[in-house]
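What follows is a set of notes on a single structure, which appears directly below.
Residue numbers begin at 1 in each chain, while the letters A, B, ... track the order of the sequences. Only this structure's heavy atoms are used, side chains among them; waters, hydrogens and symmetry mates stay out.
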Amino acid sequence: MPRYDAARIEPFWQAHWDEHKTFETPTLPERDGEYPGGKLYALDMFPYPSGSGLHVGHPEGYTATDIVCRHARMNGKHVLHPMGWDAFGLPAEQHAIKTGVHPRVTTKENIDTFRRQLKALGFSYDWSREVATTDVDYFRWTQWIFLELYDTWFDPESGRGRPIAELPIPGEIESEGAEAVRRYQDGHRLAYQHEAPVNWCPALGTVLANEEVIDGKSERGNHPVERLPLRQWMLRITAYADRLLDGLEGLDWPESVKALQRNWIGRSTGAEVDFKLVGRDEALRVYTTRPDTLYGATYMVVAPEHPLVDSLVTDETREAVEAYRRDAAFKSDLDRTELSKEKTGVFSGSHAVNPLTGQPVPVWVADYVLMGYGTGAIMAVPAHDTRDWEFATAFDLPIVPVVDPPANWKPSKDEQKLAREIDGVTRYPFTGAGTAINSGEFDGTPTGEFKIAVIKKLTDEGVGSEAVNYKLRDWLFSRQHFWGEPFPLWHELDADGNLTGLVRVEESLPVDLPKDFDFKPHGRPEPPLDEAPAEWLYKTADDGVRLKRETNSMPQWAGSCWYYLRFVDPRNGDRFVGEEAEKHWLPVDLYIGGAEHAVLHLLYARFWHHVLYDRGHVSTSEPFGKLVNQGMILGEPEADGRAYKMSKSRGNVVNPDDVVADYGADSLRLYEMFMGPLEQTKPWQMSGVEGVYRFLARVWRTITDEDADEVRLNPAVRDVEPTEEQERAILKTIKGVGDDIEKLAFNTAISKMMEFVNGFSADSVRPKSVAERFTLVLAPFAPHLAEELWRLLGHQSSLAYEPWPEVDESKLVESTVEIPVQVNGKVRAKLTVAAAADRDALTEAARSDAAVARHLDGKSVVKVVAVPGRMINFVVKG
RNA sequence: GGCCGAGUGGCGGAAUGGCAGACGCAGCGGACUUAAAAUCCGCUGGGGGGUAACCCCCGUGCGGGUUCGAGUCCCGCCUCGGCUACCA
């Protein structure tokens with residue numbers, strides 16, 4: 001009568017785990033030898049608690065770590081498995097502006113929903129460690145870490161961050177007095193102020209985040225957006241570029257993520273070269289990765305924002321250049337790159353001298369050169385750079401080839417499209433390495449050698465030097481939003497109430513957001529907090545200086561940069577994390593989350609961690625040892641057979657609550673793990689949920705008696721010795737599932753359990769010891785059902801810490817094996833032989849098989865390849 | 001354009017260089033049932049031959065190669081997906 005009823009079992013066990021604090025973990029072991037398996041810190045990327053609740057993508061990674069954790073506990077490990085909330089964020093602020101409800105209120109509601117949903121999935125989180133980035137007790141330490149960054153400068157000598165007090169002050173600065181010293185220090189801090197453009201939307205009266213701007217219009221209301229310079233806080237992540245690059249080496253991360261980070265950091269080596277401007281003392285400095293092509297530099301280009309532009313123009317060119325600059329200023333970086341298949345630009349009116357050829361070359365202004373990379377100016381070598389080639393073609397500038405391609409070089413399709421007649425010969429841009437031509441004394445030098453030689457020559461002549469460049473920019477760390485961590489800083493004001501540019505540190509943390517504050521846009525580009533009550537905003541320092549709070553707030557990334565540290569010791573009131581606790585738990589052993597965080601979050605967190613390490617606050621330089629990206633779950637395949645991303649507009653979003661209601665949490669967990677490899681993108685199929693549900697129901701029937709009026713053991717489950725076959729089957733399953741969990745190959749682990757149950761359920765006698773061990777193996781995947789069965793099998797307490805069943809590997813070995821017999825690589829027969837049969841025995845047995853003999857008949861055997869226990873292959877001729 | 005990943009039955013997928021398609025879904029046939037649901041049993045890549053047990057051929061995106069043997073390794077393509085993009 002009692003069928004498998006997830007709706008009865010699951011809430012019972014969830015309440016049981018809660019009441020018994022089953023998964024609460026002591027921060028440090030209470031005695032030696034308490035955890036013979038060592039420690040495991042398994043971390044999920046904590047969610048942003050959005051108003052739409054949990055998505056089926058969330059439980060995918062969460063189930064994976066949960067299985068690993070439950071398995072690890074059974075293996076005697078000290079397991080840390082926490083969950084929390086990345087709760088600052090734009091949607092809450094937007095919602096607040098629209099409805100007038102404080103973000104703290106909506107955030108709390110959303111967190112409650114997420115927590116309820118996660119608890120309903122039976123994850124073994126230690127909920128006593130829950131934190132939200134919006135908790136004052138949390139963000140006081142976010143502010144503290146910010147101050148550590150503010151207090152740190154990067155010493156290139158030692159390659160490490162050091163306290164600002166240790167920054168050597170040049171004598172001439174020192175002699176200028178205390179303020180000069182302060183400003184000098186400020187110029188070296190890892191956190192510094194800088195004017196940077198923001199997206200100002202006059203119609204909405206607010207500054208927008210990049211993701212709120214679409215094609216130069218606001219996402220809400222489609223109003224025009226201007227770019228406006230505003231004082232901002234920046235973090236000097238570029239100082240750590242090499243450290244962040246080198247640190248990737250030792251990490252057990254997907255190569256693809258490492259490649260993404262390397263790419264993002266974008267380190268390149270080349271040279272900086274000075275081109276003297278004709279008729280002036282100044283030089284125009286360019287960065288190039290191809291100094292070997294210097295002889296082919298036939299013109300130069302500066303970015304429209306380049307500071308030298310104003311002085312490069314002549315009376316004839318001024319008007320055209322200024323018009324061009326105005327146009328460029330209107331375009332965002334995105335527009336510039338997107339619409340610009342066609343190269344545009346204007347001649348500046350000036351010339352510079354190629355330092356090697358001595359020839360004057362024209363200097364152009366064009367927006368295909370970006371101010372943000374290198375020096376904002378380039379030497380253009382049209383023959384060997386496709387962009388320069390296109391530009392030279394458009395404006396009829398000379399193209400001089402200086403690299404002879406290797407003999408086997410062929411232009412690619414795109415290069416062929418750029419073909420041009422030069423001196424009666426069809427030519428293509430060539431961007432690879434070759435041999436120098438038209439390069440004076442360097443003719444015949446291979447590209448690699450040439451680079452080294454030319455850098456030496458330029459250095460000797462004082463017109464250039466080797467240089468390293470990064471794509472990585474410093475991190476714009478301030479936002480004009482209300483719902484974020486306040487900066488713990490004060491600005492000094494002058495007599496007129498203007499900022500002096502000098503700041504002071506807030507000594508008393510936390511700095512909470514002002515209470516009773518109207519967070520509606522006030523119509524100026526300054527942050528909303530600029531309208532905060534005066535008692536929050538202003539104060540007078542002991543020395544009489546008038547101070548105003550920093551009113552920018554930190555970006556959402558801030559809280560997620562260090563949450564993994566807080567989880568270790570979440571209630572510590574004296575330190576962001578206890579020293580001993582940090583040493584015990586870090587680094588994170590397994591970090592699972594979406595690939596969308598492959599660069600930013602993971603790079604920012606690494607950066608902070610490196611700084612904390614340099615300053616002696618943490619014991620490892622890298623925070624995350626092993627990283628795994630879960631694949632995206634797509635919607636159910638549509639009529640065209642294709643599956644698309646889940647989205648509200650497509651109406652293919654699956655709500656985990658519905659799945660739990662219809663099939664139970666164990667089915668949802670099992671299905672998400674059974675869909676395919678964790679890292680792969682895969683479509684949702686509700687019929688697949690049905691399938692794993694049937695499997696669980698079958699497990700239920702195999703161990704319990706459905707015909708009885710009450711829940712009780714199936715009469716086939718008896719306290720008897722297992723047969724040899726049963727014993728081998730369960731051992732094989734224990735071994736296979738355990739190995740698969742370690743490989744995170746959950747889909748195959750589940751199929752192994754299915755195979756076992758297919759066999760075991762058909763047995764009319766099911767030894768209790770086998771049923772028990774299977775229950776333990778199932779437990780990490782379907783913990784509610786497993787707990788229920790475990791209790792039915794006569795155990796009083798939770799199986800969460802029950803040892804993972806042992807496997808005597810010698811009992812796994814089968815005495816006979818079936819091996820294929822091939823003739824010329826084709827399988828012609830299958831042979832059951834003793835597992836120990838050697839090459840000769842195999843050959844003899846195979847030859848005596850009728851089918852094999854038929855295929856060997858009349859042919860001569862050239863060779864016999866035999867792999868004992870595996871296969872045998874006859875190579876024949878004739 | 002660059003980087004990364006993937007192409008295997010009707011579908012999701014499995015396969016240390018050694019029996020391709022485990023496991024599941026869907027489908028077909030059968031048992032149980034007055035009937036249905038649930039459950040249980042069997043079949044299920046394509047083609048061909050045989051009364052039958054069986055036998056043969058083809059088959060992992062395409063073209064080459066290495067190997068006794070390739071879904072797996074190498075070279076060259078094609079297609080799809082993700083990220084990124086005038087980075088000098």
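In terms of phosphate contacts, A:R828 brings no side-chain nitrogen or oxygen within less than 4.0 Å of OP1 or OP2 of B:C55. Distances shorter than 4.0 Å separate none of the side-chain N or O atoms of A:K682 from OP1 or OP2 on B:G24. Within the structure, every side-chain polar atom (N or O) of A:Y287 is placed at least 4.0 Å from both OP1 and OP2 of B:A88. Contact annotation: A:N747 does not reach the phosphate of B:G24 (side-chain N/O to OP1 or OP2, under 4.0 Å). Look at A:R473 and you won't find any side-chain N or O under 4.0 angstrom from OP1 or OP2 of B:C87. Regarding contacts with the backbone of B:C56, a side-chain N or O of A:H855 is found under 4.0 angstrom from either OP1 or OP2.
Counting only heavy atoms from C-beta on, A:K471 has its side chain closest to B:C87 among B:C87, B:A22, B:G24.
In summary, A:K258 and A:E255 engage in a salt bridge, as defined by a charged side-chain N under 4.0 Å from a carboxylate O.
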Report task. Decide yes or no on side-chain hydrogen bond (donor to acceptor under 3.5 Å, both in side chains) for A:T704 and A:N714, but give the supporting numbers first. Result -> CA-CA 4 Å; A:T704 73; A:N714 192 302; over 6 Å; no

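Contacts with RNA chain B (heavy atom under 4.0 Å) in residues 667-678 of chain A: A:F674, A:M675, A:P677, listed by number.
Applying the ring-ring contact (aromatic ring centres under 6.0 Å, His included) test to every pair with at least one member in residues 731-759 of chain A, sequence neighbours left out, gives these pairs: A:F756-A:F760, A:F756-A:F774. The side-chain hydrogen bond (donor to acceptor under 3.5 Å, both in side chains) pairs that include a residue from residues 729-738 of chain A are A:K735-A:D739, where partners are two or more places apart or lie in different chains. Screening residues 260-271 of chain A for side-chain hydrogen bond (donor to acceptor under 3.5 Å, both in side chains), with sequence neighbours left out, gives A:D242-A:R267, A:Q261-A:R606, A:N263-A:K471, A:R267-A:Y470, A:S268-A:Y287, A:S268-A:Y373.
With pairs defined as Watson-Crick or G-U wobble and both atom distances under 3.5 Å, the stems of at least three pairs that touch RNA chain B come out as B:1-7 with B:78-84, B:10-12 with B:23-25, B:27-31 with B:39-43, B:45-49 with B:54-58, B:61-65 with B:73-77.
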Protein-nucleotides 3-10 of chain B N/O pairs under 3.5 Å:
none

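A:R285 meets the salt bridge (charged side-chain N to carboxylate O under 4.0 Å, His left out) test with A:E272, A:D274; sequence neighbours excluded. Residues that satisfy the salt bridge (charged side-chain N to carboxylate O under 4.0 Å, His left out) test with A:E638, not counting sequence neighbours, are A:R650. With sequence neighbours excluded, the residues forming a salt bridge (charged side-chain N to carboxylate O under 4.0 Å, His left out) with A:K682 are A:E60, listed by chain and number.
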Can you list, pair by pair, the side-chain donor-acceptor contacts under 3.5 Å of residues 686-697 of chain A, counting residues two or more places apart and other chains?
unit_1, atom_1, unit_2, atom_2, d
A:E690, OE1, A:Y663, OH, 3.0

Query raised in the report: Could you write nucleotides 36-52 of chain B as a row of B, S and -, 5' to 3', where a protein heavy atom under 4.0 Å of any base atom gives B, of only sugar-phosphate atoms gives S, and otherwise -?
Result: ---SS------------

Report task. Going 5' to 3' through nucleotides 63-73 of chain B, assign each nucleotide B (protein heavy atom under 4.0 Å from a base atom), S (under 4.0 Å only from sugar-phosphate atoms) or - (no protein heavy atom that close). Result -> -----B-----

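For the residue pair A:Y295/A:N354, the side-chain donor-acceptor check at 3.5 Å is not satisfied.
The shortest side-chain heavy-atom distance between A:S348 and A:W364 does not fall under the 4.5 Å cut-off.
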